[in-house]
Structures are given as structure tokens and as C-alpha cells.
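Every number for a ligand or one of its atoms is a count from 1 in the order of the listing.
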Amino acid sequence: MNMKVAIANDHGGVELKNFLIESFPEIEWANLGTDTTDSTDYPDYGYKLAEAIANGDAQFGVAICGTGIGIGIACNRNKKVRASTCTNATMARLTRIDNDANILCLGARVVGNLVAKDCFEAFINTEFEAGGRHERRVKKLGE
Ligand code: RB5
């Protein structure tokens, strides 16, 4: 697979990040997160990841913090980003189809490694349903 994915995390997401990177060796990963469990501030990583996605440095992003919520809020401050916090593969699939989400947010304290892996797999393998009502709505999100 020829896909570049940027991944960022705070201290709560180090283990899950490493698990995802090891689980998908075919992906070209850009690691923008912290690699230690020393306390950090999730907005710093969310902003950094959002910028990478907005600049086109990677096709998709993965954002991980304890809940997947704080870092997702930070990511979504960027107008070019549509970051979705997902807790199962159905959400991850539908947020690609409906919202053309470009960042998957995961809560390391909420979902287990295998559920996170399923979310990621669904996310990267699902196309946005372009050309109709979803496209009209997504366009409004960027205005
Ligand atoms: C860090 O303790 C925690 O607040 C953070 O990872 C995240 O869950 C915030 O939304």
C-alpha cells in the first residue's frame, strides 16, 4: 500500500500509537507525537497534526489522546481538517463516507488496541461518497 499517514499523540497515546505503527508496516508513517509517557499537552500535538494534513504532507492523520476528544477538538480548529473521534469501525467507515474525515481520533483509555486497529482499517479503506448530498454538506464545513 502506498499511503502516508501522519500520527500524533500525547502521553496517553504512546502505546496505542506504537501498536498501530507495528500493525501496519505497509503504511508510511510520519510520527508527530510524543514517545514518552511524560505529561504533555494534547493541543500541541493536535495543532501539529492538523497542519500536516492541511499542508498535504500526509493523506490521513491519526490523533490519539486519553479519550480521543481533546486532541480531536484541537485538530478541528483547522478549517481544512475534519477530525472524528470514533469508538468502533462503523463510525470510522461512516465518517469517511459521510464527512470525508481526514483525521481519525482514538481514545487510548476508551478503546482497546484491536478495536482501534479495526477503526483504522475501516477508515483508510473507505472512500468518501462524493458528488451528492455529502459533498454539499462537507463543503459547508469548510466555509
Ligand atoms: C491527559 O491526561 C488527558 O486529559 C488527555 O489525554 C485527553 O484525554 C484529553 O482529552
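- Listed by number with element, the atoms of ligand 1 under 4.0 angstrom from any heavy atom of Gly66 are 5 (C), 6 (O), 7 (C), 8 (O).
- Among all non-hydrogen protein atoms, the one lying nearest atom 4 (O) of ligand 1 is Tyr42 CE2, 4.4 Å.
- Shortest contact from atom 7 (C) of ligand 1 to any protein heavy atom: Cys65 SG, 3.4 Å.
- A salt bridge is defined here as a Lys NZ or Arg NE, NH1 or NH2 lying under 4.0 Å from an Asp or Glu carboxylate O, and Arg96 with Asp100 meets this definition.
- In terms of N/O distances under 3.5 Å, ligand 1 is approached by Thr67.
- Residue contact check: His11 has heavy atoms under 4.0 Å from atoms 1 (C), 2 (O) of ligand 1.
- A heavy-atom distance below 4.5 Å is found between the side chains of Leu20 and Ile64.
- Side chains of Asn113 and Lys117 form no contact here, defined as non-hydrogen atoms less than 4.5 Å apart.
- Listed by atom number, the atoms of ligand 1 under 4.0 Å from Asp10 heavy atoms are 1 (C), 5 (C), 6 (O).
- Between the side chains of His11 and Thr37, not a single donor N or O lies within less than 3.5 Å of an accepting N or O.
- More than 12 heavy-atom neighbours from other residues, nucleotides or ligands sit within 6.0 angstrom of CD on Gln59.
- Atom 3 (C) of ligand 1 has its closest protein heavy atom at Arg109 NH1, 3.8 Å.
- Shown in contact with Gly70 at under 4.0 Å from a heavy atom are these atoms of ligand 1, numbered in order with element: 10 (O).
- Using a 4.0 Å cut-off between charged side-chain N and carboxylate O, Asp35 and Lys17 make a salt bridge.
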